[in-house]
Visitor: 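So that we are looking at the same thing, I have put the structure below in structure tokens.
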Amino acid sequence: MGDALAAYAASIRSCQLCREQPLKNPLPHEPRPVLRVSETARLLIASQAPGVRVHQTGLSFNDASGDRLRGWMGIDRDLFYDETQIAIVPMGFCFPGHDAKKGDLPPRPECRQHWHDGLFALMPQIEVILAIGRYAQDYHFARLGRPLPKRLRVDEIIRSSADYSPVTPRIIALPHPSWRNSGWIKRNPWFESEVLPPLRAAVASLTT
Ligand code: SF4
């Protein structure tokens with residue numbers, strides 16, 4: 001990894017911002033930032049935030065959501081975790097904790113404010129971004145000069161991301177692969193027939 005990117009990633013991994021200077025409530029546990037970056041990966045998985053299992057293991061998408069995402073991409077764990085080929089950068093690097101209903105809280109905004117722009121400036125080689133969920137979609141489309149209209153629903157963004165995406169890097173919008181979205185996937189069969197084939201083709205063209 002290049003020196004500048006390695007140093008930047010090390011700074012993120014030792015970040016204590018949400019304990020020491022949180023914007024609102026402090027993070028309810030010790031920070032454990034989880035990300036995978038390199039200066040050679042041409043494919044970026046831009047996700048939301050680690051869940052509790054990823055927080056415990058320190059490995060991105062090391063859960064049922066990851067199994068489903070790997071199925072969508074048509075790849076195995078070995079390739080998925082080859083960070084020389086695939087970078088994984090969530091909008092919040094640390095598990096944000098649970099809300100009153102035991103759902104995951106949204107990604108911490110401190111990450112985006114302090115880290116993301118600088119991190120992506122150090123990875124100009126990225127050619128395709130898999131933008132998972134609204135937080136990543138809003139951030140990456142806006143960062144690349146194509147802010148998404150607020151009125152768009154997630155299903156509209158996913159179905160028409162090719163229309164909004166810049167040419168390079170190309171953004172492919174995806175729903176979160178959580179099993180909680182199984183109903184949405186069933187109700188929207190175009191997702192598997194229209195979105196997954198070009199997604200797999202893009203993954204195959206950027207990896208070996
Ligand atoms: S969530 Fe982001 S900003 Fe907050 S402590 Fe973790 S790495 Fe730092």
Side-chain angles (χ1 to χ4, degrees), residues 1 5-6 8-16 18-19 27-99 101-108 110-112 115-116 119-120 123 126 128-137 139-140 172-182 184-185 191-192 196 199-200 202-204 206-208:
M1 195 186 300
L5 180 57
Y8 201 86
S11 297
I12 293 172
R13 291 188 175 106
S14 59
C15 179
Q16 291 283 323
C18 294
R19 297 286 277 187
L27 196 68
H29 45 258
E30 195 55 28
R32 188 176 195 186
V34 179
L35 69 156
R36 304 177 67 80
V37 292
S38 73
E39 59 183 3
T40 52
R42 293 190 291 155
L43 181 63
L44 166 69
I45 298 172
S47 50
Q48 187 154 308
V52 69
R53 182 169 150 82
V54 172
H55 175 67
Q56 287 163 349
T57 62
L59 185 61
S60 311
F61 283 105
N62 187 24
D63 53 15
S65 295
D67 291 339
R68 179 179 254 181
L69 178 59
R70 287 181 280 278
W72 288 352
M73 296 168 71
I75 62 175
D76 61 17
R77 284 178 71 95
D78 286 348
L79 177 53
F80 187 85
Y81 289 119
D82 180 353
E83 66 187 339
T84 67
Q85 300 197 61
I86 299 176
I88 305 176
V89 178
M91 290 311 298
F93 294 121
C94 297
F95 169 54
H98 288 131
D99 61 21
K101 293 181 179 166
K102 295 284 175 210
D104 287 2
L105 287 165
R108 299 286 303 205
E110 290 90 340
C111 277
R112 177 176 40 76
W115 296 116
H116 283 71
L119 181 60
F120 293 116
M123 291 199 293
I126 295 294
V128 169
I129 299 170
L130 309 185
I132 296 175
R134 188 71 193 239
Y135 291 99
Q137 289 155 9
Y139 171 73
H140 284 281
I172 300 175
L174 297 173
H176 196 280
S178 160
W179 294 101
R180 288 194 186 138
N181 277 339
S182 297
W184 183 92
I185 291 166
F191 172 69
E192 294 194 337
L196 293 191
L199 165 66
R200 287 179 186 146
V203 172
L206 295 176
T207 55
T208 56

Visitor: Closest heavy-atom contact between Pro106 and Pro96?
Guide: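 Smallest interatomic distance, heavy atoms only, reads O-CB, 3.3 Å.
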
Visitor: Any non-hydrogen side-chain atom of Phe93 less than 4.5 Å from a side-chain atom of Val34?
Guide: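 No - every pair of side-chain heavy atoms lies 4.5 Å or more apart.
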
Visitor: Sequence neighbours excluded, which residues qualify as side chain to side chain donor-acceptor pair (under 3.5 Å) partners of His29?
Guide: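 By the side chain to side chain donor-acceptor pair (under 3.5 Å) rule, His29 matches no residue at all.
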
Visitor: Could you check if a side-chain atom of Arg108 sits within less than 4.5 angstrom of a side-chain atom of Leu27, using non-hydrogen atoms only?
Guide: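 Side-chain contact under 4.5 Å: yes.
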
Visitor: Does a side-chain heavy-atom distance below 4.5 Å link Pro90 with Gln48?
Guide: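 Not in contact.
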
Visitor: Does a side-chain heavy-atom distance below 4.5 Å link Cys111 with His116?
Guide: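 Yes, at least one pair of side-chain atoms sits under 4.5 Å.
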
Visitor: Applying side chain to side chain donor-acceptor pair (under 3.5 Å), can you list everything that pairs with Tyr135, at least two apart in sequence or on another chain?
Guide: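 Per chain and number, Tyr135 pairs via side chain to side chain donor-acceptor pair (under 3.5 Å) with no residue.
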
Visitor: Check step by step if side-chain contact (heavy atoms from CB on, under 4.5 Å) holds for Leu5 and Leu119.
Guide: CA-CA 7 Å; Leu5 180 57; Leu119 181 60; 3.7 Å; yes

Visitor: Which heavy-atom pair separates Met123 from Ser38 by the least distance, and what is that distance?
Guide: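 Nearest pair, atom of Met123 first, then Ser38: SD-O, 3.4 Å.
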
Visitor: So for atom CZ, which belongs to Arg180, do other residues, nucleotides or ligands contribute more than 12 heavy atoms lying within a distance under 6.0 Å?
Guide: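 Counting other residues, nucleotides and ligands, CZ of Arg180 stays at 12 neighbours or fewer.
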
Visitor: Closest approach of Phe120 and Val89, non-hydrogen atoms and distance?
Guide: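 Minimum heavy-atom separation between Phe120 and Val89: CZ-CG1, 3.6 Å.
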
Visitor: Could you state the interatomic distance from CD1 (Ile129) to CZ (Arg42), rounded to the nearest 0.5 Å?
Guide: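 Here the interatomic distance stands at 14.5 Å.
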
Visitor: Kindly indicate whether the side chain of Pro175, heavy atoms from C-beta on, has any atom under 4.5 Å from the side chain of Ile132.
Guide: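 With C-beta onward as the side chain, the pair stays apart.
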
Visitor: Check Pro28 against Gly97 and note the closest heavy-atom contact, atom names and distance.
Guide: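 Answer, listing the atom of Pro28 first, then Gly97: CG-CA, 4.4 Å.
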
Visitor: Please report the interatomic distance SG(Cys18) to CD(Glu30), rounded to the nearest 0.5 Å.
Guide: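 Atom-to-atom, Cys18:SG and Glu30:CD are 11.5 Å apart.
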
Visitor: If you look only at distance, which donor and acceptor atoms sit under 3.5 Å apart when one is on a side chain in residues 49-61 and the other is two or more places apart or in another chain?
Guide:
from: Arg53; atom 1: NE; to: Asn62; atom 2: O; distance (Å): 2.6
from: Thr57; atom 1: OG1; to: Arg53; atom 2: O; distance (Å): 3.1
from: Thr57; atom 1: OG1; to: Leu59; atom 2: N; distance (Å): 3.4
from: Thr57; atom 1: OG1; to: Asn62; atom 2: ND2; distance (Å): 3.4

Visitor: Is the NZ or CZ atom of Arg68 positioned over Trp179's six-membered ring, under 6.0 angstrom from the centre and within 45° of the axis?
Guide: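 The answer is yes; both the distance and angle limits are met.
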
Visitor: For His176, check ring pair (Phe, Tyr, Trp, His ring centres under 6.0 Å) against everything at least two apart and list the hits.
Guide: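 Ring pair (Phe, Tyr, Trp, His ring centres under 6.0 Å) list for His176, sorted by chain: empty.
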
Visitor: Determine whether Tyr81 and Ile75 satisfy the following criterion, side-chain contact (heavy atoms from CB on, under 4.5 Å), listing intermediate values before the conclusion.
Guide: CA-CA 10 Å; Tyr81 289 119; Ile75 62 175; over 6 Å; no

Visitor: Which class fits the ring pair His98 and Phe95: parallel under 30°, tilted 30 to 60°, perpendicular over 60°?
Guide: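 Perpendicular: the ring planes of His98 and Phe95 meet at over 60°.
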
Visitor: If we check side-chain contact (heavy atoms from CB on, under 4.5 Å) with Gln85, which of these qualifies: Leu79, Leu43, Thr40?
Guide: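 It is Leu79; the other options fail the test.
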
Visitor: Nearest heavy-atom pair of Ala136 and Ala46: which atoms, and what distance?
Guide: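 Closest pair (atom of Ala136, atom of Ala46, distance): CB-O, 3.4 Å.
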
Visitor: Measuring only between side-chain heavy atoms, which start at C-beta, is Arg19 closer than 4.5 Å to Pro31?
Guide: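 Answer yes - side chains close enough.
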
Visitor: Would you mind reporting whether Arg134 and Tyr139 have side-chain heavy atoms less than 4.5 Å apart?
Guide: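 With C-beta onward as the side chain, the pair stays apart.
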
Visitor: Could you state the interatomic distance from OG (Ser178) to CG (Leu69), rounded to the nearest 0.5 Å?
Guide: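 With rounding to 0.5 Å, OG (Ser178) is 12.0 Å from CG (Leu69).
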
Visitor: Drop me the distance from Leu199's CG to Glu192's CD, to the nearest 0.5 angstrom.
Guide: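 Answer for the CG-CD pair, Leu199 versus Glu192, is 11.5 Å.
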
Visitor: Is Gln137 reaching over with its side chain to a backbone N or O of Ala131, donor-acceptor style, under 3.5 angstrom?
Guide: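 Present.
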
Visitor: Can you tell me how far apart CZ (Phe191) and CG (Leu196) are? Round to the nearest 0.5 Å.
Guide: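 Taking CZ in Phe191 and CG in Leu196, the distance rounds to 4.5 Å.
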
Visitor: Given side chains that start at C-beta, do those of Leu35 and Ile88 come closer than 4.5 Å, heavy atoms only?
Guide: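 No, side chains not in contact.
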
Visitor: If I take atom OG1 from residue Thr207 and atom CG from residue Asp82, how far apart are they, to the nearest 0.5 angstrom?
Guide: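 Going from OG1 on Thr207 over to CG on Asp82, the span is 9.0 Å.
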
Visitor: Could you pull out all residues at least two apart from Tyr8 that satisfy ring pair (Phe, Tyr, Trp, His ring centres under 6.0 Å)?
Guide: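 Trp115.
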
Visitor: Is a side-chain donor or acceptor of Asp63 paired with a backbone partner of Gly66 at a separation under 3.5 angstrom?
Guide: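 Indeed, once roles are kept as given, a pair shorter than 3.5 Å links the two residues.
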
Visitor: Can you sort out the partners of Asp67 under side chain to side chain donor-acceptor pair (under 3.5 Å), two or more places apart, ordered by chain and number?
Guide: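 With sequence neighbours excluded, Asp67 shows a side chain to side chain donor-acceptor pair (under 3.5 Å) to Arg70, given in chain and number order.
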
